[in-house]
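Computation of the quantities below employed the complete heavy-atom set of this structure, encompassing side-chain atoms and omitting hydrogens, waters and symmetry-equivalent molecules. The sequence lines fix the lettering, A, B, ..., with proteins before strands; numbering per chain opens at 1.
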Protein chains: 2
Amino acid sequence: MQMNVSTRALHAFVTLAEQRSFTRAAALCHLSQPAFSALIRTLEDDLGARLFDRTTRSVELTAEGRVFVESARRLLRDVDDALADLRDHAARRRGRVAIAVLPSLAAGWLPPLLADFHARYPGIELDVADVLSDDCIARVRSGRADFALASTRTEAPELRTESFCSDGFHVVFRRDHPLARQRGALTLARLAPHPIVQLARSSSVRQYVEAAIYPSQLHTVLELEQLSTVAGMVRAGLGLTVVPSLTLFHFDHPDLATRALHVPELKRQVFLVRRNDRALSSAAQALYEVVMAHRPHPTARKR
Amino acid sequence: MQMNVSTRALHAFVTLAEQRSFTRAAALCHLSQPAFSALIRTLEDDLGARLFDRTTRSVELTAEGRVFVESARRLLRDVDDALADLRDHAARRRGRVAIAVLPSLAAGWLPPLLADFHARYPGIELDVADVLSDDCIARVRSGRADFALASTRTEAPELRTESFCSDGFHVVFRRDHPLARQRGALTLARLAPHPIVQLARSSSVRQYVEAAIYPSQLHTVLELEQLSTVAGMVRAGLGLTVVPSLTLFHFDHPDLATRALHVPELKRQVFLVRRNDRALSSAAQALYEVVMAHRPHPTARKR
DNA sequence: CGATCTTACGGGATTCGTAAACATA
DNA sequence: TATGTTTACGAATCCCGTAAGATCG
């Protein structure tokens with residue numbers, strides 16, 4: 001049973017039922033009285049039921065009208081609720097946004113940003129996947145994440161990849177390490193003699209470093225999964241390590257010293273990846289804007 | 001927040017969300033593709049939210065669209081339910097009708113009529129008030145009854161009273177009563193010597209009888225409220241009684257005899273009373289029609 | 001280049017408001 | 001007669017369908 005009903009007609013109907021006067025109801029609906037009368041008559045014709053008993057002196061609901069006015073009121077309320085819900089989402093008062101972020105960014109750079117975001121949009125739920133770069137991309141591609149910060153550039157037609165920031169590398173070692181006494185710019189060659197604690201090969205950080213010094217190799221003494229564990233190992237004196245500058249907060253400890261690596265080709269590029277064929281939801285757009293506002297500047301290094 | 005949404009637009013939206021193709025969805029909605037496109041765009045503008053991500057090759061819901069499509073589906077279902085409910089009432093598949101009927105009609109004439117009515121309209125609830133004439137009128141006037149069968153004509157502007165049927169009177173007595181041997185037409189004068197069992201003065205039947213013989217009086221030996229009790233008293237030999245012909249079924253007993261009273265001015269008029277300013281509900285109209293179809297004919301007397 | 005959505009535009013239906021006719025207390 | 005609803009009608013608006021244009025794969 002296909003048929004058309006508009007909220008305007010329902011609202012007119014309910015108003016007339018309440019006012020029991022075409023003149024007053026028409027005024028409330030901002031219509032001339034004859035136009036209002038026609039609207040009601042059309043509604044009655046469409047519904048196939050007389051809704052009002054009209055005499056020139058009184059307007060009263062019929063039995064069918066009394067049945068329908070309850071439905072109409074509920075329908076109008078439901079429509080309002082649905083529209084309010086939609087508007088809440090559009091206005092960023094409600095919603096959900098899922099992102100995927102490299103662990104190296106998720107641990108240090110992200111938390112204050114999310115605190116800021118949540119303070120500004122308390123109704124928006126957040127879902128952060130702190131996963132490795134390939135997984136970040138996969139989540140965007142499958143729609144599980146609205147956008148991602150990853151370090152591998154993927155050329156795919158359905159993905160839009162834009163440069164987000166670039167990150168230099170730092171060397172971290174114990175203050176009693178021989179490098180602490182060395183002056184001048186640090187190069188990869190100067191690191192070669194020293195034992196190095198590194199991340200696992202699956203990490204993009206490790207891949208960057210290996211690519212930069214290829215074909216020569218560093219003297220890897222230990223491979224780990226987590227940067228915080230790396231920090232502990234370096235503090236224990238097992239060796240030095242090379243990490244992106246944005247992750248230095250892991251190594252903020254009185255026993256440790258850090259120095260920038262002056263190797264131009266050794267720069268970690270971080271990309272913001274999102275789907276090309278989908279607009280960001282309002283919630284995602286809000287987070288996107290905050291992310292962009294907190295975008296790390298190359299010159300602004302911690303410590 | 002005043003705004004207009006039509007089920008047509010919602011249906012178009014849901015169809016497009018399901019088909020993910022303007023061309024297919026337009027065909028399903030019996031619209032040209034450009035018209036359909038405009039409809040969707042208008043809806044998006046009205047809602048103030050983009051509902052679809054469109055590329056020439058794919059049409060996909062936005063996050064807001066996914067939020068709203070659930071609401072839209074539910075709204076459409078609710079509208080359908082409301083319309084079906086209204087149609088059920090209009091089509092007499094559901095509803096409720098309340099009538100008020102004189103007890104003398106309610107006990108004998110009404111039951112088979114209602115059985116017929118219920119068989120034809122099983123979804124309609126019935127509310128029968130078997131009350132005295134004045135109460136019948138009061139119930140119609142206050143709206144507690146859709147219409148009534150009463151015996152007092154009331155001239156009121158808001159009531160429409162039409163003649164329903166007229167009912168002669170019968171005398172009922174025991175077969176061993178002296179009247180049983182009497183030949184010729186029965187007149188009130190012939191009843192005068194005999195003790196009579198009567199209904200209470202509040203009954204319209206009693207009032208009819210008293211008005212007809214005024215200023216003379218009958219020899220009332222007993223006053224009762226219920227006709228069935230009157231029948232018992234007559235069977236016990238306490239006296240004869242005079243009742244409307246339609247109530248004779250109360251006296252259907254081998255010990256009792258009945259004879260018509262040939263008194264032209266002694267006729268009980270039964271009126272159908274309803275409100276003048278209100279149309280009957282579909283359910284009430286249905287019962288009205290059945291009542292009219294079962295209208296007792298003056299010549300068709302039981303027994 | 002083919003499929004698909006959007007824009008442009010003329011014709012037709014719908015709907016509006018003013019004015020007059022009509023109905024009831 | 002006064003109040004309030006319906007009918008009549010010209011005008012503005014909205015909406016539809018055809019045709020042309022734009023876009024992506």
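Here B:Pro157 lies out of heavy-atom contact (under 4.0 Å) with every strand. Counting any heavy atom pair closer than 4.0 Å across all strands shown, B:Ser21 reaches sugar-phosphate atoms only and no base atom. When heavy atoms are screened at a 4.0 angstrom cut-off, B:Ser58 is found touching no nucleic acid atom at all.
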**Asked** Could you go step by step and tell me if B:Ser281 and A:Glu64 meet the side-chain hydrogen bond (donor to acceptor under 3.5 Å, both in side chains) rule?
**Response** CA-CA 7 Å; B:Ser281 71; A:Glu64 284 76 28; 4.8 Å; no

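Regarding B:His30, its NE2 atom lies at a distance of 17 Å from the C1' atom of D:dC15, rounded to whole Å. We find that CZ of A:Arg41 is positioned 13 Å from C1' of C:dT14, with the value rounded to whole Å. At whole-Å resolution of the value, CG in B:Leu39 and P in D:dC14 are 15 Å apart. In this structure, the CZ atom of B:Arg20 is 12 Å from the P atom of C:dC5, given to the nearest Å. Computed from coordinates, the A:Arg275 CZ to D:dC24 P distance equals 16 Å when rounded to whole Å. The interatomic distance linking B:Asp53 (CG) with D:dC24 (C1') rounds to 15 Å, in whole Å. In this structure, CD of B:Glu60 is placed 15 Å from C1' of C:dC5, rounded to the nearest angstrom. As rounded to whole Å, 14 Å separates atom C1' of D:dT18 from atom CG of B:Leu31.
Side-chain N/O atoms of A:Thr23 include one lying less than 4.0 angstrom from OP1 or OP2 on D:dT5. Regarding contacts with the backbone of D:dC16, a side-chain N or O of B:Arg8 is found under 4.0 angstrom from either OP1 or OP2.
Residue whose closest nucleotide on DNA chain C sits further toward the 5' end, between A:Gln33 and B:Phe22: B:Phe22.
Atom CG of residue A:Leu113 and atom CG of residue A:Leu287 lie 6.5 Å apart, to the nearest 0.5 angstrom. Remark: B:Glu289 CD to B:Arg92 CZ distance equals 4.5 Å, nearest 0.5 Å.
For B:Ser32, counting side-chain heavy atoms from C-beta on, the closest listed nucleotide (C:dC16, D:dT6, D:dT18) is D:dT18. Checked against D:dG17, C:dC16, D:dT7, the side chain of B:Ala35 finds its nearest nucleotide in D:dG17. In this structure, the nucleotide among D:dC16, D:dT6, C:dT4 sitting nearest to the side chain of A:Ser37 is D:dT6.
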Under 3.5 Å, which protein N or O atoms sit close to an N or O of nucleotides 22-25 of chain C? Give each pair with its distance.
unit_1	atom_1	unit_2	atom_2	d
C:dT24	O4'	A:Thr56	OG1	2.7

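A 6.0 Å sphere centred on CZ of A:Arg20 holds no more than 12 heavy atoms belonging to other residues, nucleotides or ligands. Annotation: B:Arg66, atom CZ; neighbour count of heavy atoms from other residues, nucleotides and ligands within 6.0 Å is above 12.
By the 6.0 Å and 45° rule, B:Arg274 stacks over the aromatic ring of B:Tyr288.
Looking at B:Ser151, B:Ser204, B:Ser104 one by one, the single match for side-chain hydrogen bond (donor to acceptor under 3.5 Å, both in side chains) with B:Arg268 turns out to be B:Ser104.
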